[in-house]
Novice: 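Dropping a structure here in structure tokens format, bear with me for questions.
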Amino acid sequence: KLHDFGFRGVSSVESAALGGAAHLVNFLGSDTMVALALLREFYGADCAGYSIPASEHSTMTSWGKERELDAMRNMLEQYPKGIVACVSDSYD
């Protein structure tokens with residue numbers, strides 16, 4: 001399974017929509033809302049993708065370097081079933 005968090009790494013809203021829509025041709029996971037809007041507008045897609053619980057660098061680093069493992073444990077305790085995305089490169 002592959003989840004799209006690509007909006008933050010592109011040059012424009014349009015490129016996020018196009019790249020995100022292309023991703024959704026083969027995968028269902030996306031946090032790129034503009035891709036969902038594009039697919040609804042031009043293709044009538046009711047719901048082309050789904051999000052998952054995900055951390056981000058700021059939520060992981062707020063626990064401090066020494067408690068990074070605790071932050072990951074917390075994510076798994078909060079979302080014990082299904083897929084989650086947990087940032088693991090905040091310090092190294």
Side-chain angles (χ1 to χ4, degrees):
K1 298 183 186 217
L2 189 62
H3 196 84
D4 175 26
F5 295 108
F7 198 154
R8 62 182 170 218
V10 298
S11 60
S12 68
V13 173
E14 181 181 36
S15 58
L18 293 172
H23 169 85
L24 288 166
V25 168
N26 293 300
F27 304 100
L28 292 175
S30 180
D31 274 25
T32 306
M33 298 299 293
V34 292
L36 300 174
L38 181 145
L39 293 171
R40 177 172 284 171
E41 181 178 345
F42 292 101
Y43 295 96
D46 211 20
C47 184
Y50 304 91
S51 186
I52 60 172
S55 69
E56 59 182 42
H57 286 91
S58 66
T59 61
M60 298 305 286
T61 58
S62 69
W63 287 73
K65 187 173 183 178
E66 295 76 28
R67 295 189 62 215
E68 187 176 26
L69 185 56
D70 292 331
M72 290 185 187
R73 282 190 184 112
N74 180 62
M75 279 288 294
L76 296 174
E77 288 169 2
Q78 297 301 314
Y79 304 100
K81 296 182 181 181
I83 298 171
V84 298
C86 197
V87 171
S88 61
D89 66 345
S90 295
Y91 296 102
D92 190 345

Novice: State the CZ-SG distance between Arg73 and Cys86, to the nearest 0.5 angstrom.
Specialist: 12.0 Å
Novice: Given the rule in the side chain to side chain contact (heavy atoms under 4.5 Å, CB included) test, do Thr61 and Tyr91 qualify, once you have shown the distances and angles that lead to the verdict?
Specialist: CA-CA 8 Å; Thr61 58; Tyr91 296 102; 3.5 Å; yes
Novice: What is the distance from atom OG1 of Thr32 to atom CG of Leu39, rounded to the nearest 0.5 Å?
Specialist: 11.0 Å
Novice: Measuring from atom OG of Ser12 to atom CZ of Phe7, what distance do you get when rounded to the nearest 0.5 angstrom?
Specialist: 8.0 Å
Novice: With a 4.5 Å limit on heavy-atom distance, are the side chains of Glu68 and Ser90 in contact?
Specialist: yes
Novice: CE/Met72 to CH2/Trp63 distance, rounded to the nearest 0.5 angstrom?
Specialist: 11.5 Å
Novice: Could you check whether any side-chain heavy atom of Asp89 comes within less than 4.5 Å of a side-chain heavy atom of His57, counting everything from C-beta outward?
Specialist: yes
Novice: Classify the ring geometry of Phe27 against His23: parallel below 30°, tilted from 30° to 60°, perpendicular beyond 60°.
Specialist: parallel
Novice: Can you tell if the side chain of Met33 reaches within under 4.5 Å of the side chain of Ser51, non-hydrogen atoms only?
Specialist: no
Novice: Which atoms form the tightest heavy-atom contact between Pro53 and Ile83, and what is the distance?
Specialist: CD-O, 3.5 Å
Novice: I'd like to know if the side chain of Tyr79 and the backbone of Val84 have a donor-acceptor N/O pair within less than 3.5 Å.
Specialist: no
Novice: State, with a plain yes or no, whether a side-chain heavy atom of Leu36 is found less than 4.5 Å away from one of Arg40.
Specialist: no
